[in-house]
Amino acid sequence: MTATLFTPATLGKLQLKNRVVMAPMTRSRATGNVPNALMEKYYGLRAAAGLIITEGTSPSPNGLGYARIPGLFSSEQVAGWRKVTDAVHGAGGKIFVQLMHTGRVSHPANMSREARILAPSALAAPGEMWTDSSGMQPFPVPTTMSDDDIATTIGEYATACKNAIDAGFDGVELHGANGYLIDQFLNTATNQRTDKWGSGPDTVREAAVREGTPATASPSDGNQLLHRGGSVENRIRFAVEVAKAAAAQIGAERIGMRISPYGVFNGAVPDPKMDALYLRLVEELNAVGLAYIHVVDHSSMGAPEVSPELKAKIRASFKGKYILSGGYDAVRANADLDAQKGDLVAFGRPFISNPDLVTKLQSSAALTPPDMSTFYTPGEKGYTDY
Ligand SMILES: Cc1cc2nc3c(=O)[nH]c(=O)nc-3n(C[C@H](O)[C@H](O)[C@H](O)COP(=O)(O)O)c2cc1C
């Protein structure tokens, strides 16, 4: 009997030949932010996956915060990606592009002169990041996004979705995880706005509904309410508006979203409303009709575990497909699929060093370990030579 991982699945209107997903992974080979022949080869070699999700790809010059990451806003980038999607389709695979706007996780030395480093609030990310010209550099303080900036950025996501289809992608994953722009709106560490996009104090109505008190609750509760994580409705608004704009452009059946509840990457912090926030977000994404939700659990990389209860609740309430990820091997993948914890399983690091991962998983062959020192270095070493 074929193990579940290797059985076909549907995703939106697509047929996937198996349930193995190549997880999105930034590899920093896109010199000049344009996909190239090396990337065409890398993705083409991994087309045995049921679905490839590309590395984080920026919808805007303002989202190209890391060195050598690709974009999807210029005609040159669309043409470069077209070669990648042709290679994957030619080898019988399917491919989504992950749209990642880095927001505050950016450095001017990695970006064009006109680019702006934008975030919900003017709070620098902790620590430093790599730049090709000056090595490690502290994160700068981002500019607080105005209403116009927010509208423009949502428009950039929509245009990038249209570009994705022009470039031959089967769909788009919106990166709502790991402390990048969408997550910067979701998280209280990065969003201290008091407007409708903000995590500021709960609205009186929201507090009243939760507490079962009359909607005339005293505004003097403000500080206490802020401490509780602020307005869930406002924090999810950017994620929901981006999803709506993307769906209006290319159809919700071609869109998924990646989320990382309780993630701590890039300075994100948990808060008492996390469960409520993600369950509310899932409801809204149901209303938009997204094809899938992709839940990050980086406990295999040393991050706190996402509670099994929250994962089960998201699974139960989300109507589209559910992609599991984080530290999977074939045995655990099949066990979790058979326990109905998800529909598809993403593999990250194993795909870096095993282009033939699907065959190896199927035959229980030993996996080649990845060389971390070449995860983000330019050139073919550690990229197309495994
Ligand atoms: C080199 C590298 C780059 C990554 N880049 C991204 C990225 O661009 N977008 C994203 O959502 N996750 C990214 N991740 C996280 C992976 O998608 C995945 O969640 C993580 O590696 C855990 O899965 P694994 O245990 O199968 O490797 C990256 C991980 C690695 C190792």
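Both ligands and their constituent atoms are indexed starting at 1 by order of listing. Fair warning: this is a prediction, and the values are worked out from it, not measured in the lab.
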Ligand 1 N/O within reach of Glu55 N/O, cut-off under 3.5 Å: no
Any carboxylate oxygen within less than 4.0 angstrom of a Lys/Arg side-chain nitrogen, looking at Arg68 and Asp132? yes
What I want to find out is whether Glu241 reaches Arg237 closely enough, with some N-O distance under 4.0 Å, to be called a salt bridge. no
Output field: ring centroids Phe169/Trp81 closer than 6.0 Å: yes
Pairing of Asp343 and Lys321 as salt bridge, 4.0 angstrom limit: no
If we number the atoms of ligand 1 from 1 as shown, the ones under 4.0 Å from a heavy atom of Gly56 are 8 (O)
Considering the heavy atoms of Gln98, write down every atom of ligand 1 situated less than 4.0 Å from one of them. 7 (C), 8 (O), 9 (N), 10 (C), 11 (O)
Value rounded to 0.5 Å, distance of CG in Asp385 from OG1 in Thr374: 7.5 Å
Relative to the heavy atoms of Gly327, which atoms of ligand 1 are at a distance of less than 4.0 Å? 23 (O), 24 (P), 25 (O), 26 (O)
With only distance considered, is Met100 within less than 3.5 Å of ligand 1 through an N or O on each side? no
Considering heavy atoms of the protein only, find what lies nearest to atom 23 (O) of ligand 1 and give residue, atom and distance to 0.1 Å. Gly326 CA, 3.7 Å
Proximity winner for atom 21 (O) of ligand 1, if only heavy atoms of Met301, Arg258, Met25 are counted: Met301
Looking at Asp271 and Arg235, is any side-chain nitrogen of the basic one under 4.0 Å from a carboxylate oxygen of the acidic one? yes
In ligand 1, the atoms that come under 4.0 Å of a heavy atom of Thr26 are 1 (C), 3 (C), 4 (C), 5 (N), 6 (C), 7 (C), 8 (O)
May I ask you to check whether Phe96 and Tyr292 place their ring centres under 6.0 Å from each other? yes
Lys/Arg cation over aromatic Tyr43: Arg46, 6.0 Å, 45° cone: no
OH of Tyr383 to OG1 of Thr377: how many Å apart, nearest 0.5 Å? 11.0 Å
Using a 4.0 Å cut-off to any heavy atom of Ser300, which atoms of ligand 1 qualify? 25 (O)
Of Arg27, Met372, Arg349, which has the heavy atom at the shortest distance from atom 24 (P) of ligand 1? Arg349
Backbone or side-chain N or O of Pro24 under 3.5 Å from ligand 1 N or O: yes
List ligand 1 atoms under 4.0 Å from Ala23, heavy atoms only on the residue side. 17 (O)
Less than 4.0 Å is my threshold; does some heavy atom of Tyr376 fall inside it relative to ligand 1? yes
Any idea which protein heavy atom is nearest atom 26 (O) of ligand 1, and the distance to it? Gly348 N, 2.8 Å
The answer for which part of Asn178 has a heavy atom under 4.0 Å from ligand 1 is side chain
Please state which part of Phe347 comes within less than 4.0 Å of ligand 1, counting heavy atoms only: side chain, backbone, both or neither. backbone
Looking only at non-hydrogen atoms, find the nearest pair between Gly63 and Ile69 and report the distance. O-CD1, 3.9 Å
Salt bridge between Asp166 and Arg82, side-chain N to carboxylate O under 4.0 Å? no
Using a strict cut-off of 4.0 Å, indicate which atoms of ligand 1 neighbour a heavy atom of His298. 15 (C), 18 (C), 19 (O), 20 (C), 22 (C)
Within less than 4.0 angstrom of ligand 1, does Ala177 place any heavy atom? no
Lys/Arg-Asp/Glu bridge criterion (N-O < 4.0 Å) met for Glu55, Arg27: no
Contact atoms of ligand 1, heavy-atom distance to Phe375 under 4.0 Å: 1 (C), 31 (C)
